[in-house]
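Keep in mind that the numbers below use all heavy atoms, side chains included, and drop hydrogens, waters and symmetry copies.
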Amino acid sequence: MKSTPPQERVCLLTGGGYPFRRDALSGWCRTLVEGLRRYRFDLLTVTDREPPSTPAYPLPLNVRSAAAVRIGRAVGRERRRGDHNETGRNAAHLLCRGLAEGRGLAEGRGLAEGRGLAEGRGLAEGRGLAEGRGRFAGGLRGLAELAAERVDPLANVPLADLLMEAWRGVPSTADEPTPPRLGARDARTAATLLKHALGALTVSLPQTDLVHCVGGTTPLLSALAGRWRAGVPLLLTEARAPVARHRPAEERLSPAVRAVLRRFRGAVARTGYAEAGLIAPLSAFHHGYALRHGAAAARLVQVPAGVDPSEYPIAGEPESGQPTVVWAGSGGPDSGLTALLAAFEHVAAALPGAVLHLVGVTPAHEDHCVEQVERSGLGRAVRLHPLPADPRDRYTWGLVVAHVPGPADPPYRLIEAMMSGRAVVGVDVGPAAETLGDAGVLVQPDEPAELAIAIVGLLRAPTRRRQLGDAARRRALTHFTNDRVVRVYGALYADLAGPPVAPANAVELALTIPAPRTTPPATLRWLSEEDR
């Protein structure tokens with residue numbers, strides 16, 4: 001009797017998403033897990049909010065476990081007499097110096113210093129081990145490895161003092177010709193936020209053959225800690241926005257604190273690029289971001305997002321004849337809602353009776369969404385809908401889809417709208433232009449009047465509207481189907497989780513949307529003819 005070969009184990013690591021929350025990214029993760037049945041998955045999501053008690057999706061049989069871990073809870077104080085935590089202090093000193101210098105992985109002494117610190121060696125001895133990849137990475141590794149030994153690796157560490165001392169000599173950068181001064185109060189605020197973020201280093205990952213981290217600072221910190229402690233290969237799906245932009249919740253923070261957080265996220269990204277065996281950007285936009293932040297071109301494999309065409313069939317336009325627009329998003333502060341409402345005020349003035357349908361507003365953001373609608377004065381012209389369980393109903397509300405994303409939104413919703421055969425008017429941010437191509441209308445960001453003119457123009461032109469909807473569907477079928485996503489990620493998993501095997505009829509994979517790169521990863525050179 002032939003024995004069944006063991007399945008490789010994959011930890012799919014996200015930041016507060018699948019399988020506990022229904023959103024576009026979770027839908028993408030579900031497609032991957034259900035499509036790659038030969039792998040056994042441990043689903044882990046790391047969040048700073050109270051995690052749900054049960055998954056939002058039914059779990060397929062190849063899922064071994066699903067867990068949500070909350071960081072940021074009060075850490076129990078460790079009672080150790082005479083504990084000065086020199087190891088943690090030295091690691092934090094390195095991290096703060098690398099952060100202030102803004103070099104991240106560019107130069108300096110690196111991971112070897114972190115190894116020395118984690119083993120209890122002093123800073124001077126750590127420097128002598130080897131030239132490395134950066135002070136920040138060395139300090140981060142030191143804290144990650146220390147987190148395996150104690151509950152709080154930063155216990156008794158004066159992080160605010162170390163940060164303020166390092167910031168005194170902070171150099172200027174292209175983004176910050178004159179770096180803001182970091183005073184004592186700002187240093188304490190920044191230290192509190194950094195310590196909260198670094199709590200992700202304490203998350204324990206399941207025993208696995210591969211960690212697949214779906215972008216974002218919080219899950220990436222947990223993935224890096226797991227890699228350093230267990231030596232597990234890391235695959236990084238890059239879907240983040242440029243780190244130069246701060247989050248809406250940080251508007252009230254001082255410029256100095258925002259600068260610290262911006263540099264921290266950039267340094268974490270560069271560390272992830274250096275440690276990942278392969279990096280899979282969702283678009284040329286994300287590909288360029290990764291290259292600018294130190295990713296090696298040979299490790300980049302651009303894999304555009306995809307959806308199941310059967311879940312987004314072409315639906316007929318509403319028969320009411322009423323001018324309707326649909327927008328899909330969470331409705332949160334960074335979801336693009338404010339810009340959309342500003343544009344729809346012009347639409348409602350030009351077309352009395354026009355209705356805007358907001359699809360997918362989450363319970364957590366419903367109050368914020370209602371407040372924004374009331375402030376706009378649109379009142380009854382706006383309809384709120386929770387995310388439909390059946391994707392077939394998502395875009396049937398409108399004649400035109402307005403794609404106004406937030407700064408951190410990947411192009412999932414845009415691809416869904418295209419696959420649904422709806423005419424799309426989008427804002428030219430991130431990967432929107434390369435995704436939509438000439439199958440829709442794009443306007444410049446921060447131009448609500450221009451966005452309104454484009455929407456009104458399509459609402460008044462049914463023939464043009466249907467032509468663009470058909471073109472969008474054709475483009476989505478050509479470039480953005482989930483079977484291609486599953487096939488390529490299966491190859492990437494094989495590259496990292498085990499040695500590649502070359503079949504006799506091997507061919508090299510030609511990506512539909514090519515990206516600048518050098519030598520392809522091994523498995524991509526060994527895809528068989530029937531996999532094309």
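Between His212 and Phe41, a ring centre-to-centre spacing not shorter than 6.0 Å is recorded.
Without hydrogens or angle criteria, Arg229 side chain to Ala144 main chain gives a donor-acceptor distance under 3.5 Å. Using a distance-only test at 3.5 Å, with no hydrogens or angles considered, a donor-acceptor pair links the side chain of Trp327 to the main chain of Val404. Proximity of a side-chain donor or acceptor of Arg141 to a complementary backbone N or O of Leu224 within less than 3.5 Å is not detected. With hydrogens and angles disregarded, a donor-acceptor distance shorter than 3.5 Å links the side chain of Ser26 to the backbone of Arg21. A donor-acceptor pair under 3.5 Å is formed between the side chain of Arg227 and the backbone N or O of Val232. Trp167 places no side-chain N or O within donor-acceptor distance of the main-chain N or O of Cys96, the cut-off being under 3.5 Å. Side chain of Asp209 to main chain of Arg9: a donor-acceptor pair is present (N/O by atom type, distance under 3.5 Å, no hydrogens or angles). Of the possible polar contacts, one joining the Ser254 side chain to the Val257 backbone as a donor-acceptor pair under 3.5 Å is found. In this structure, Asn85 contributes its side chain and Val157 its backbone to no donor-acceptor pair below 3.5 Å. Arg30 places no side-chain N or O within 3.5 Å of a backbone atom of Pro19 that could act as its donor or acceptor partner.
Distance check: Leu496 CG to Glu8 CD gives 11.0 Å after rounding to the nearest 0.5 Å. Glu450 CD to His346 NE2: the interatomic distance, rounded to the nearest 0.5 Å, is 10.0 Å. Residue His293 holds its NE2 atom at 12.5 Å from CD1 of Ile279, rounded to the nearest 0.5 Å. Interatomic distance, Thr218 OG1 to His196 NE2, rounded to the nearest 0.5 Å: 7.0 Å. Here the OG1-CG distance, from Thr237 to Leu13, works out to 11.0 Å after rounding to the nearest 0.5 Å. Rounding to the nearest 0.5 angstrom, the gap separating the CZ atom in Arg188 from the CG atom in Leu182 is 10.5 Å.
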Taking it one step at a time, do Leu25 and Tyr18 satisfy side-chain contact (heavy atoms from CB on, under 4.5 Å)? CA-CA 8 Å; Leu25 181 57; Tyr18 182 73; over 6 Å; no

side-chain contact (heavy atoms from CB on, under 4.5 Å) for Leu221 and Val46? Distances and angles first, verdict last. CA-CA 10 Å; Leu221 285 168; Val46 185; over 6 Å; no

Kindly indicate, with the supporting measurements, whether the criterion side-chain contact (heavy atoms from CB on, under 4.5 Å) is fulfilled by Leu436 and Val424. CA-CA 8 Å; Leu436 189 57; Val424 177; 4.2 Å; yes

#### Entry: side-chain contact (heavy atoms from CB on, under 4.5 Å) evaluation trace for Asp367 with Glu371
CA-CA 6 Å; Asp367 289 343; Glu371 178 186 345; over 6 Å; no

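Contact record, Leu162 with Ala92: CD1-CB, 3.8 Å, taken as the closest heavy-atom pair. Of all non-hydrogen atoms in Ser222 and Ala200, the two that sit nearest each other are OG-O, 2.8 Å. For the residue pair Ser204 and Leu44, the shortest heavy atom distance occurs at O-CD2, 4.2 Å. Taking all atoms of both residues into account, the shortest heavy-atom contact from Leu442 to Ala433 is CD1-CA, 3.4 Å. Residues Pro180 and Ala256 approach most closely at CG-CA, 3.6 Å, considering heavy atoms. Between Pro206 and Asp42 the shortest heavy-atom distance is CG-CB, 3.6 Å.
Tested against Leu140, the residues Leu94, Leu95, Leu99 include a single side-chain contact (heavy atoms from CB on, under 4.5 Å) partner, Leu95.
Contact check for Val214 versus Leu12: side-chain heavy atoms found under the 4.5 Å cut-off. Side-chain contact between Leu234 and Cys213: present, with at least one pair of heavy atoms (C-beta onward) separated by less than 4.5 Å. Counting heavy atoms from C-beta on, the side chains of Leu193 and Val260 never come closer than 4.5 Å. Counting only heavy atoms from C-beta outward, the side chains of Leu194 and Leu261 approach each other to under 4.5 Å. No side-chain heavy atom of His93 sits under 4.5 Å from any side-chain heavy atom of Arg89. With a 4.5 Å cut-off on side-chain heavy atoms, Glu238 and Tyr273 count as touching. In this structure the side chain of Glu345 reaches within 4.5 angstrom of the side chain of Ser376, judged on heavy atoms. Inter-residue side-chain proximity for Val10 and Tyr489 is flagged as unmet; no heavy-atom pair is nearer than 4.5 Å.
Ring orientation note: the planes of Phe136 and Phe264 are nearly perpendicular, at an angle over 60° on the 30°/60° scale. Aromatic ring pairs are classed by plane angle as parallel below 30°, tilted from 30° to 60° and perpendicular above 60°; the pair Trp28 and Tyr412 is tilted.
Residue Asp428 places its CG atom among more than 12 non-hydrogen atoms of other residues, nucleotides or ligands, all under 6.0 Å distant.
A donor-acceptor contact closer than 3.5 angstrom links the side chains of Thr45 and Thr14.
By the side-chain contact (heavy atoms from CB on, under 4.5 Å) test, Pro431 pairs with Ser283, Phe285, His286, Pro411, Glu434, Thr435, sequence neighbours left out.
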